[in-house]
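What follows is a single structure, written as structure tokens, with notes after it.
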Protein chains: 2
Amino acid sequence: MWVSTRAQYGMRALVEIGLRGDEPTSLKFVSERQNISQHYLEQIVAVLRRAGIVESVRGAHGGYRLARPLDEVTALEVVELMEGSVAPVSCIEDSENCVRVGNCSTEGLWRKLDLAVRAVLGGTTLADLVAERQLLQLEPLPEQFAGLN
Amino acid sequence: MWVSTRAQYGMRALVEIGLRGDEPTSLKFVSERQNISQHYLEQIVAVLRRAGIVESVRGAHGGYRLARPLDEVTALEVVELMEGSVAPVSCIEDSENCVRVGNCSTEGLWRKLDLAVRAVLGGTTLADLVAERQLLQLEPLPEQFAGLN
DNA sequence: GTCAATTCCAGGTAAATTACACGGAATTAT
DNA sequence: ATAATTCCGTGTAATTTACCTGGAATTGAC
């Protein structure tokens, strides 16, 4: 039930980018604040760009900004994009994939799990995460967390 | 958000074993009915045995039976055992693991996800799965599914 | 007491995935 | 011009996954 670092980093990067509104946010900035390899971030954000979640501004003082309003990007969309799928087992996505489909003792369980995951991720948008992040920033953070979260 | 085949196979094997009550069920039988490599099953069931979920009967006509009542084995226990953990990210299991803990914009999301997964898996026992399996068997299956599910 | 059916065990392994790094080309504000 | 950035293809080490191999130990049936 693991979420890859690609998806984790993608989410954290989007919050960072979303937080700064229309001003383009550079990956150098994100990578420093979030302690993520810049080169790795490039690959991750490239996927987000091709999917129309962020848009890029090239050149000096360039960076990325959200291509859509905060509340129109769900965590489900992001995780599904970075992960390929959120389904716990292959037969749920791709019914053809399994001879047992419709006749399997565990199919119902995985289906319930899939729905629960989709409910949580689909019910959370970047707007929620940015809001949470801003709340956190109100309380001054201890030194060790400076520049993080 | 993937569940490994180890966990999938483990669940299916347990349903098969649970279905036959006190009579020990051989892995040959399980592997044929469920189309799972017998050697791979050995490794999986060995883990279940060491965890006290099944017990073995050695020798001819041996096999495995459940070590506990059907309704005292949750899917959560099995998946957690086979997978090591069901947490979506490491910082949830092991708070020490993350400098950002308590100060992270995405922590809440992963925590909600973890709870939802635990609710579904923890709310399902082998008794539920065996019952579902028995319902399926009432309707005669098409030829191609004979011996499956 | 032999034989067949089984669990038990200690390895090995090929393929895929993950989480990056490397090196540079193209673009643009200053 | 220069410096800051995105963009792009490729490489790679480590880990994980999903198995297989080859046997030893145990036990019921005859």
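All values reported here derive from a predicted model rather than from experimental measurement.
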Inset, instruction - Using side chain to side chain contact (heavy atoms under 4.5 Å, CB included) as the criterion, point out the one residue from B:V120, B:V117, B:L81, B:L121 that pairs with B:L76. - result: B:L121

Legend entry - OP1 or OP2 of C:dA19 under 4.0 Å from side-chain N/O of A:T5: yes

Legend entry - Interatomic distance, A:E23 CD vs C:dA29 P [rounded to whole Å]: 15 Å

Inset, instruction - Five pairs at each end of the helix from C:dG1-D:dC30 to C:dT30-D:dA1: take the axis at both ends and give me the angle between them to 10°. - result: 10°

Inset, instruction - Give the first and the last nucleotide of DNA chain D, reading 5' to 3', that has any atom under 4.0 Å from a heavy atom of chain B. - result: D:dA18 to D:dA29

Legend entry - Integer-rounded Å distance: C:dT18 C1' and A:E83 CD: 11 Å

Inset, instruction - Just compare C:dT6, C:dA21, C:dC8 and give me whichever is closest to any side-chain atom of A:H39. - result: C:dA21

Legend entry - side-chain N/O A:Y9 vs C:dC20 OP1/OP2, d < 4.0 Å: yes

Inset, instruction - Grab the CG-C1' distance between A:N35 and C:dA19 for me, whole Å please. - result: 15 Å

Inset, instruction - Figure out the OH/P separation between A:Y40 and C:dT17, and round it to whole Å. - result: 14 Å

Inset, instruction - Quickly work out the A:L27 CG to C:dA21 P distance and round it to whole Å. - result: 14 Å

Inset, instruction - With the side chain counted from C-beta on, respond yes when A:L129 and B:L109 share a heavy-atom pair under 4.5 Å apart, and no when they do not. - result: yes

Legend entry - Rounded distance in Å - CD (A:E42) to C1' (C:dC20): 12 Å

Legend entry - Side chains of B:R49 and B:S56, donor plus acceptor under 3.5 Å: no

Inset, instruction - Select one nucleotide: of C:dT27, C:dA19, C:dA29, the one nearest the side-chain heavy atoms of A:R58. - result: C:dT27

Legend entry - Check: B:R133 side chain, B:L19 main-chain N or O, donor-acceptor pair, under 3.5 Å: no

Inset, instruction - Kindly say if B:S26 contacts the phosphate of C:dT7, meaning a side-chain N or O under 4.0 Å from OP1 or OP2. - result: no

Inset, instruction - Specify the separation, in whole Å, of atom CD of A:Q43 and atom C1' of C:dC22. - result: 11 Å

Legend entry - Approximate separation, where rounding is to 0.5 Å, of B:T124 OG1 and B:M11 CE: 8.0 Å

Inset, instruction - Rounded to the nearest angstrom, tell me the gap between atom CD in B:Q38 and atom P in C:dT6. - result: 8 Å

Legend entry - Derivation and outcome, side-chain contact (heavy atoms from CB on, under 4.5 Å), residues A:T125 and A:L70: CA-CA 7 Å; A:T125 70; A:L70 283 171; 6.0 Å; no

